Q: 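Got a structure for you, questions after.
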Amino acid sequence: MEEERNKNNINQVILEGNVGGFGTPFETQNGKKRMRFDLAQTRGGNTQYVPIVLPTGLVNTYGENIQKGDWLSIKGSINTFNKQTEDNGKTYNSKVVEIIALEIEDKKLNKTYTSDGNVIDNSKSEMER
């Protein structure tokens with residue numbers, strides 16, 4: 001059901017780039033697995049890093065395969081929230097933007113991983129799938 005809602009989600013994006021730094025899997029307060037990494041994109045000689053969050057299904061199927069430098073195509077939805085940080089006694093408010101991954105295509109492994117835990121081998125022809 002969640003995947004059906006996301007198919008028609010107007011804030012869905014597709015990004016391609018190389019895996020930058022990544023963390024280890026962690027659990028949220030409600031017990032769900034998550035993992036964060038940065039997707040590096042270079043345009044006009046400038047590199048930007050887009051924060052990507054893997055939900056439980058992708059942590060379970062793809063979390064151990066991720067490697068720095070891998071070229072990925074990511075389909076996901078935009079998530080924003082406010083964050084307060086403190087520095088030298090001053091409080092700063094900022095808006096955080098991250099992409100919640102719904103599907104990852106790993107070009108090196110030639111596989112697509114979905115948030116519902118499926119793994120598709122892209123090297124097989126349509127007839128074999």
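Predicted model, so just to flag it, every value in this text is computed and none were measured. Below, all heavy atoms of this structure are taken into account, side chains as well, without hydrogens, waters or symmetry copies.
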Q: Could you state whether Leu72 and Phe22 fall into the same hydrophobic cluster, counting links through intermediate Ile, Leu, Val, Met, Phe, Trp or Tyr residues with side-chain heavy atoms under 4.5 angstrom apart?
A: yes
Q: Pick from Ile120, Asn60, Asn65: which one makes a side chain to side chain contact (heavy atoms under 4.5 Å, CB included) with Tyr113?
A: Asn65
Q: Are more than 12 heavy atoms from other residues, nucleotides or ligands located less than 6.0 Å from atom OH of Tyr49?
A: no
Q: Quick one: pull up CD in Glu98 and CG in Asp38 and give me the separation to the nearest 0.5 Å.
A: 11.0 Å
Q: For residues Asn88 and Lys90, determine if any side-chain heavy atom of one lies less than 4.5 Å from a side-chain heavy atom of the other.
A: no
Q: With the 4.5 Å side-chain cut-off for hydrophobic clustering, are Phe81 and Val50 part of the same group?
A: no
Q: If every non-hydrogen atom of Val59 is compared with every non-hydrogen atom of Pro25, which pair is closest and at what distance?
A: CG1-CB, 3.9 Å
Q: Roughly how far, to the nearest 0.5 Å, is the CD atom of Glu27 from the CZ atom of Arg34?
A: 10.5 Å
Q: Can you name the closest pair of heavy atoms from Ser73 and Ile14 and give their distance?
A: OG-CG2, 4.1 Å
Q: Using a 4.5 Å cut-off on heavy atoms from C-beta on, say whether the side chain of Phe26 contacts that of Arg36.
A: yes
Q: Are Leu102 and Val19 in one and the same hydrophobic cluster, where Ile, Leu, Val, Met, Phe, Trp and Tyr link if side-chain heavy atoms are under 4.5 Å apart?
A: no
Q: So does Lys33 get a backbone contact from the side chain of Thr56, meaning a donor-acceptor N/O pair under 3.5 Å?
A: yes
Q: What's the shortest heavy-atom distance between Asp121 and Lys111, and which atoms?
A: CA-CG, 4.2 Å
Q: So among Leu54, Val53, Ile52, Leu58, which one has a side chain to side chain contact (heavy atoms under 4.5 Å, CB included) with Ile100?
A: Val53
Q: Under a 4.5 Å cut-off applied to non-hydrogen side-chain atoms, are Ile78 and Ile99 in contact?
A: yes
Q: I want to check something: taking the side chain as every heavy atom from C-beta on, are Glu103 and Ser115 in contact at a cut-off of under 4.5 Å?
A: no
Q: For Glu16 and Lys107, which heavy atoms make the closest approach, and how far apart are they?
A: OE2-NZ, 3.7 Å
Q: For residues Ile74 and Ala101, report the shortest heavy-atom separation together with the two atoms involved.
A: CG2-CB, 4.1 Å
Q: How long is the straight-line distance from NZ of Lys95 back to OG1 of Thr80, given to the nearest 0.5 Å?
A: 4.5 Å
Q: Check for me, please, whether Leu15 and Val96 land in the same ILVMFWY cluster - side-chain distances under 4.5 Å, paths through other members count.
A: no
Q: To the closest 0.5 Å, what do you measure between OG1 (Thr112) and OH (Tyr62)?
A: 10.5 Å
Q: For a quick test of reading the model, state the closest non-hydrogen atom pair linking Thr47 to Ala40 and the distance between them.
A: CG2-CB, 4.1 Å
Q: Flag yes if more than 12 heavy atoms outside Glu64 fall under 6.0 Å of its CD atom; otherwise flag no.
A: no
Q: CD/Glu105 to CH2/Trp71 distance, rounded to the nearest 0.5 angstrom?
A: 11.5 Å
